[in-house]
Structures are given as structure tokens and as C-alpha cells.
Amino acid sequence: MSEREDRQATEHRALEIAAQHAWLRPHLSSLMPVVLADRSSDKGRRFVVRLTNRGWVKDADAIDVVLKAFAAGDALEEFEHHLGGHQNALEHLGPDAVPEILSVHPETRSLIMRHIGVRTAQDMLGLAELGLAKSDEILEACGRWIGRFHRSTMQDPRPIDPKFMLRWAATMQAGVEDRSHDVPRRDLFLAYVDQIPALAETVTGQSTPIAVAHGDMHLRNLLITENGAVGLDFEGVRTVTPAHDLAKFLVRYHGGFDPDPNTPVLKAFWRGYGADLHAQSQPALSYILPIRVLGDWRDIPKRRADRRPGQQQRFQNLLKYAEKLFAR
């Protein structure tokens, strides 16, 4: 199947699912589907499709929504888990910071959200590299949204217990050592992963804040608006140290853009996030961040020919970032 045929199949399936949402059904003939994201797994396809008739009808009658469809093989509990994360964030932050959910259809594992016609933080930072936007303003908006989200569900702090993350690091290490999982620059990977237990031991027992985590806090899950940022794609409701969200965001930023952990532009991110939360999260971040770097490194194919577009630059940035991070 060609790329065009593949896209058309997704558009057709999106309209079939949209027809299951009763309030949208009468308008289907006027709606144009636009695929925003589409990925396949052993459970089926997950996709996000914009449905709009804006520009073809009067503004008062215009519909501009996003259909998010989970894979047909996803368990209902998994769908409800993701839906619960979105609803929880919407309840705490409101529709200015989280897209409003307009309709839910559990049988098709789908929901309809208000469409927000702006770019992701990933795209905006790409424009900043061309001089068409300002990195510090984008990062400050991201930091402010993440800080606001964490503060909205903050609980009493807990002592750091790194056992779970240490098990993940040990699993990665074992796979690379026995070559059941090949990584580029295996020598450096193993040298760095050897440092993880000592990093965790240094902060074990220290206090860390606890809040509901986004769960997948990367640069494409924040939209940048004139008034700040809007969060997307929540991974359920799970209370952990905010360092998990921070580590994911920072590794994706440094891997995609500036590999210098001391780059001055990050001051804007921490200013938005809040100096108090930054200081409180720092102990847990000091060992979770290096593990997160190794997790992203592990996802890079060993052979350069096997890497997707952008993965080579990401790997080069991760090498530079890890060199400075592990040398601290």
C-alpha cells in the first residue's frame, strides 16, 4: 500500500469511528479529515485526525475537532486509563491548558476533543533555530505549564527510593552486556550505566515532591499558544516524583536541539517551572535524568543505516549531553 493509500485508509476509518459519536454524525458529509498522527502496533492502529468544515460553512456552524482513536486491540481498561489522565488534568487546569473533551465512545476506544490550531513545542523550537521564534519564550511556556500541572496535584513529599529505576537500568545493562540488545557506542553506554548505582545511592532517602505525572512529557505533547502552553496525551493518573516528567522533557530537548546541559536558555524553562519546585526536584532528577538518557540512547539503532530521519542527530546530541552529564 502506498503512503497516499495508507493515509486515505486512515481517513476512511476515522470517519467510520466519528459516525459512532452521535452529535457529530449529522455533520460528517461536510467534514474534511486531516491525519495528524498515525502509528501501528500489534494491537492495531492509533491515530489522531482533525475533522473540520471551517472555511466551507458559516463560522457559527463551523466544526473543528480532533478524533483520537486508540488501537482496536487496546483493552477497555487501557483506554479508560488514558482517558482518566486527560480528564484529571482538565479538571485541575481547565480548558485553557488542556483540550476539552467533547465526546467519548468506549466501544471504538475513541474520543473527540476541541482542536487547537497551533504548533507543538518541537515545531516551535525548530522555527527558533531558523530565527523565526524565540527558544527562551517557548521553553518558559513549557516550564510554566509543567510546573502548573505538578503544583495542581502536589502531595506530601516522600523519601527517594530508587529501586524501580535501578531495576530498569540493570535490565538495560544486562541486555547490552549479553548483546541481546545492541546499541551504538556500546563501550560508552556500559561505562556510563556503571555509574548509576552510585548516583542513586547519593540521594537515597532524601526528600522529593510527589505529584500526578503526565507520563510522556516530550516536546510534541505541548502546544504553544499566544497565552502559554496546552498539554496533550496523558498517561493515566500516577503519583510519582515530578523528576520523571522533567527528565523526559529535558532529554528530548537536549537530544533534539542543544546538547549542552548548561545552556543559558534553560534558565527560562526553570523560571517558568518555578525555582522552588526545581530545587525540591533536583535530588531525584540527579539520578533519574542519567537513566532517562540511557533509555533514549538504547532506542537508537546500532547501525546508522537503520536509523530513522533525525535519529543520527539525536544520537550525536545524546553523546555530547551524556559526556557532560556523567562527568559531573
Side-chain angles (χ1 to χ4, degrees), residues 121-122 124-126 128-129 134-147 150 160 162 165-166 168-169 172 183-185 187-203 206 208-209 213-214 216-222 241-300 310-328:
Q122 176 84 21
M124 291 298 294
L125 288 166
E129 289 189 324
K134 295 182 178 180
S135 294
D136 57 346
E137 293 179 359
I138 299 163
L139 289 173
E140 184 170 359
C142 292
R144 188 179 302 112
W145 188 94
I146 299 172
H150 288 160
I160 292 173
M165 293 299 289
L166 286 176
W168 183 34
M172 290 192 289
V183 297
R185 288 306 308 267
D187 56 330
L188 278 180
F189 186 98
L190 292 174
Y192 291 149
V193 78
D194 275 341
Q195 298 181 34
I196 296 298
L199 292 173
E201 183 179 2
T202 299
V203 298
Q206 292 188 34
T208 188
H214 178 284
D216 193 18
M217 195 71 269
H218 60 70
L219 301 174
R220 289 189 172 89
N221 280 342
L222 285 171
T241 172
H244 288 288
D245 280 345
L246 294 170
K248 181 71 171 277
F249 181 89
L250 291 170
V251 171
R252 291 301 171 87
Y253 169 70
H254 290 297
F257 297 96
D258 188 343
D260 182 2
N262 301 311
T263 179
V265 76
L266 273 188
K267 293 179 181 178
F269 174 78
W270 293 119
R271 182 168 62 248
Y273 186 67
D276 57 334
L277 282 185
H278 181 198
Q280 294 166 26
S281 300
Q282 192 56 43
L285 190 60
S286 69
Y287 85 93
I288 292 175
L289 182 57
I291 296 174
R292 183 75 259 176
V293 170
L294 295 173
D296 274 33
W297 185 335
R298 183 179 179 274
D299 290 340
I300 304 292
Q311 281 189 321
Q312 177 60 20
Q313 178 188 347
R314 183 176 165 199
F315 176 55
Q316 290 174 338
N317 281 1
L318 286 176
L319 283 181
K320 294 175 184 177
Y321 183 48
E323 182 181 10
K324 294 186 178 180
L325 192 67
F326 284 94
R328 290 179 173 180

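Predicted, not measured: the structure shown is a model, and the values here were computed from it. We count residues from 1, following the sequence as given.
With rounding to the nearest 0.5 Å, the separation of CG in L318 from CZ in R252 is 9.0 Å. Between the NZ atom in K248 and the CG atom in L219 there is a gap of 10.0 Å [rounded to 0.5 Å]. Atom CG of L139 is separated from atom CZ of R271 by 10.0 Å, given to the nearest 0.5 angstrom. Here OH of Y287 is found 6.0 Å from CD1 of I160. Values are rounded to the nearest 0.5 Å. Here D258 contributes atom CG and L266 contributes atom CG; the two are 7.5 Å apart, rounded to the nearest 0.5 Å. In this structure, the separation between SG on C142 and CE on M124 is 10.0 Å, given to the nearest 0.5 Å.
In this pair, W270 and H278 present their aromatic rings parallel. The plane angle is below 30°, not in the 30 to 60° band. In this structure, W145 and H214 have perpendicular ring planes: the angle between them is above 60°, well past the 30° mark.
The two residues P197 and L166 have their closest heavy-atom pair at CA-CD2, 4.0 Å. Of all heavy-atom pairs spanning H254 and D260, the tightest one is CE1-O, 3.2 Å. In this structure, T241 and T208 approach most closely via the heavy-atom pair OG1-OG1, 2.8 Å. Contact between M165 and H244 at its shortest, heavy atoms only, is SD-CE1, 3.5 Å. Heavy atoms only, all atoms of each residue included: L325 and L289 are closest at CD1-CD2, 4.0 Å. Contact detail for A322 and Y192: the closest heavy-atom pair is CB-CE1, 3.8 Å.
The number of heavy atoms from other shown groups lying within 6.0 Å of CD (E201) does not exceed 12.
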Problem - Worked check of side chain to side chain contact (heavy atoms under 4.5 Å, CB included) between D136 and E140 - result: CA-CA 6 Å; D136 57 346; E140 184 170 359; over 6 Å; no
Handout entry: Check against side chain to side chain contact (heavy atoms under 4.5 Å, CB included), Q316 and Q312
Key = CA-CA 6 Å; Q316 290 174 338; Q312 177 60 20; 3.1 Å; yes
Handout entry: Residue pair L222, M217: steps toward the side chain to side chain contact (heavy atoms under 4.5 Å, CB included) verdict
Key = CA-CA 8 Å; L222 285 171; M217 195 71 269; 3.5 Å; yes
Handout entry: Pair N221-F249, side chain to side chain contact (heavy atoms under 4.5 Å, CB included): steps then yes or no
Key = CA-CA 10 Å; N221 280 342; F249 181 89; over 6 Å; no
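The side-chain heavy atoms of L277 and P242, taken from C-beta on, include no pair separated by under 4.5 Å. Under the 4.5 Å side-chain criterion, counting only non-hydrogen atoms from C-beta, L294 is in contact with F326. With contacts defined as side-chain heavy-atom distances shorter than 4.5 Å, the pair F257/T263 does not qualify. Using a 4.5 Å heavy-atom cutoff, the side chains of M172 and V193 are not in contact. Side-chain contact between L125 and S135 is present, with at least one heavy-atom pair separated by less than 4.5 Å.
Aromatic ring centres of Y253 and F269 lie farther apart than the 6.0 Å criterion allows.
Checking side-chain atoms of W297 against main-chain N and O of P184 turns up a donor-acceptor pair under 3.5 Å. At distances below 3.5 Å, at least one donor-acceptor pair connects side-chain atoms of T202 with backbone N or O atoms of A198.
Listed by chain and number, the residues in a side chain to side chain donor-acceptor pair (under 3.5 Å) with Q195 amount to none (sequence neighbours excluded).
Salt-bridge check for R314 with D296: passed, with a basic side-chain N closer than 4.0 Å to an acidic carboxylate O.
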